[in-house]
Amino acid sequence: MTDTIDTATVAHRPDPDAWRAAGDAWGHRAADWACLFEHYSFEVLTAMFPKVGAGSGVELLDIACGAGMAVQHARAAGATVSGIDAAAALIEVARARNPGADLRVGSMFELPWENGSFDAAISVNGIWGGCEPALAEALRVLRPGGLLGISFWGVGPPLDLRPCFKVLAGHAPNEHLTSMKRLNDIAFPGVAEEMLGHAGFDVLEQGRRVSTIEWPDPDIAWRALASTGPAVPALRHGDPAAVRRDVLAAIEPCRDENGIYRFRNDHRFVIAQKPPALSEQANSV
Ligand SMILES: C[S@@+](CC[C@H](N)C(=O)[O-])C[C@H]1O[C@@H](n2cnc3c(N)ncnc32)[C@H](O)[C@@H]1O
């Protein structure tokens, strides 16, 4: 454990190897994450892409890119996309989905790109409370005037996935709870904006979408939820059969009359800009 950041979810800078533990957790069921969960973000991606200019001629970095669905979308919009994630198993899927893209296994706290390499960057639920050093790195690799979009779960309503994550937390060791609280700080109004401001960004705008994710039956729902990083401490510390039983009981109210589990969640984003170079600022006056 490093600082109070949870290595099953995100790795904090003071321990140079902690990002590997985060990557192992998020990649522990990579195929299930990639095929059953990752599309949770499509509403927020659709909102953020035009705002960061993800399109033809733009060089974009996806920080904590996971299995590369956002990379795929940005490439389809014409951007040249690079990505980094701590989970080798997810990067393997991302590479298969995005032939030729520069996708690397590594830490967002030490981005392996030169200063000023990108016009834009995104991080979809990859930068959490306590991840300020990742924002400093994002600032470094952006060109002056470059745009950054980050997304994260808000405080709701709706927050239909909350009961499930409460169950997972209840089966996890105690220290996991403390660290999750810090990570989830970013949900509260103003926290992301403050983090971005401290890192040197100008905050341009905030937005919100409701993410909708569905699964057709209990087995698929369990596989999707068990593929997430926060499931790992519960599965390793608790009895996996009891975790599955309790999760399925907690999500039963989200089942509709057709048997489909449907979860709606408050998904927030903030768009920020690296200050333009002084000469550009003078020209715009
Ligand atoms: C909630 S998932 C989001 C993944 C992807 N952006 C998406 O929306 O599907 C969080 C991701 O952060 C990655 N991650 C955690 N700590 C990291 C670190 N220090 N450096 C790079 N990636 C990290 C995990 O491996 C995981 O893929």
Side-chain angles (χ1 to χ4, degrees), residues 2-3 5-49 60-74 81-95 97-98 103-113 121-138 141 148-153 161 165 168 179-180 182-184 186-187 209 211 213 224-225 227-232 265 267-269:
T2 60
D3 201 5
I5 289 289
D6 188 344
T7 51
T9 308
V10 118
H12 197 22
R13 192 184 194 117
D15 178 343
D17 285 326
W19 65 271
R20 294 181 200 279
D24 286 347
W26 279 100
H28 83 126
R29 297 186 184 183
D32 283 354
W33 170 265
C35 298
L36 303 177
F37 208 113
E38 198 187 10
H39 59 287
Y40 74 96
S41 65
F42 95 82
E43 289 95 342
V44 96
L45 281 179
T46 305
M48 284 203 308
F49 274 168
L60 181 138
L61 175 66
D62 186 351
I63 300 166
C65 65
M69 188 194 80
V71 172
Q72 202 179 343
H73 280 205
V81 190
S82 304
I84 187 163
D85 197 277
L90 295 179
I91 286 290
E92 208 174 307
V93 178
R95 286 182 180 144
R97 285 174 167 174
N98 296 286
L103 301 172
R104 306 191 192 182
V105 179
S107 173
M108 62 186 172
F109 301 118
E110 284 172 307
L111 295 176
W113 287 280
I122 56 166
S123 188
V124 182
N125 292 38
I127 292 178
W128 299 65
C131 291
E132 287 82 353
L135 292 176
E137 276 293 89
V141 300
L148 172 69
I150 65 169
S151 75
F152 44 89
W153 297 126
L161 282 169
F165 286 105
L168 293 175
S179 55
M180 282 307 290
R182 180 167 176 205
L183 293 169
N184 289 330
I186 199 161
R209 292 291 181 275
S211 149
I213 190 162
L225 292 163
S227 75
T228 63
V232 171
N265 290 283
H267 209 178
R268 307 277 171 135
F269 64 89

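Both counts, for ligands and for their atoms, begin at 1 and track the order of listing.
- Residue L90 touches ligand 1 through its side chain alone, judged by heavy-atom distances below 4.0 Å.
- Taking a cut-off of under 4.0 Å to the non-hydrogen atoms of A87, the atoms of ligand 1 that pass are 25 (O).
- Of all atoms in ligand 1, numbered sequentially from 1 with element shown, those under 4.0 Å from a heavy atom of E38 are 9 (O).
- Nearest heavy atoms, A86 versus W19: CB-O, 3.3 Å.
- Of the possible polar contacts, none joining the S211 side chain to the H267 backbone as a donor-acceptor pair under 3.5 Å is found.
- The closest approach between D85 and ligand 1 falls below 4.0 Å for a heavy atom of the residue.
- Remark: the backbone N or O of P112 is paired with a side-chain donor or acceptor of R104 at under 3.5 angstrom.
- At least one donor-acceptor pair closer than 3.5 Å links the side chain of S151 to the backbone N or O of N125.
- Here is the list of ligand 1 atoms found below 4.0 Å of a heavy atom in W19: 19 (N).
- Under the 4.5 Å side-chain criterion, counting only non-hydrogen atoms from C-beta, I84 is not in contact with L103.
- For D24, the salt bridge (Lys or Arg N to Asp or Glu O under 4.0 Å) test picks out no residue, with sequence neighbours left out.
- By the 3.5 Å distance cut-off applied to N or O atoms, A22 is not counted among the residues near ligand 1.
- Within the model, atoms CG of D62 and CD1 of I122 stand 4.0 Å from one another, a figure rounded to the nearest 0.5 Å.
- Within the 4.0 Å heavy-atom shell around ligand 1 one finds G106.
- Polar contact with ligand 1: present for A86 (N/O pair, distance under 3.5 Å).
- Using a 4.0 angstrom heavy-atom cutoff, F37 does not count as in contact with ligand 1.
- With values rounded to the nearest 0.5 angstrom, E137 atom CD is found 8.5 Å from S107 atom OG.
- Ligand 1 has a nitrogen or oxygen under 3.5 angstrom from a nitrogen or oxygen of M108.
- The contact set between ligand 1 and W33, taken as ligand atoms under 4.0 Å from a residue heavy atom, comprises 9 (O).
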Donor-acceptor list for residues 36-43 side chains, cut-off 3.5 Å, not counting sequence neighbours:
unit_1, atom_1, unit_2, atom_2, d
E38, OE1, R97, NH1, 2.5
E38, OE2, A67, N, 3.4
E38, OE2, G68, N, 3.2
E38, OE2, M69, N, 3.0
E43, OE2, T212, N, 3.2

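- Heavy atoms only, all atoms of each residue included: A87 and G23 are closest at CB-O, 3.2 Å.
- In this structure, S41 does not count as a contact residue of ligand 1, since none of its heavy atoms falls inside 4.0 Å of the ligand.
- In terms of polar-atom proximity, defined here as any N/O pair under 3.5 Å, Y40 does make such a contact with ligand 1.
- Around atom 6 (N) of ligand 1, the closest heavy atom drawn from G66, G83, A64 belongs to A64.
- Of all atoms in ligand 1, numbered sequentially from 1 with element shown, those under 4.0 Å from a heavy atom of F109 are 19 (N).
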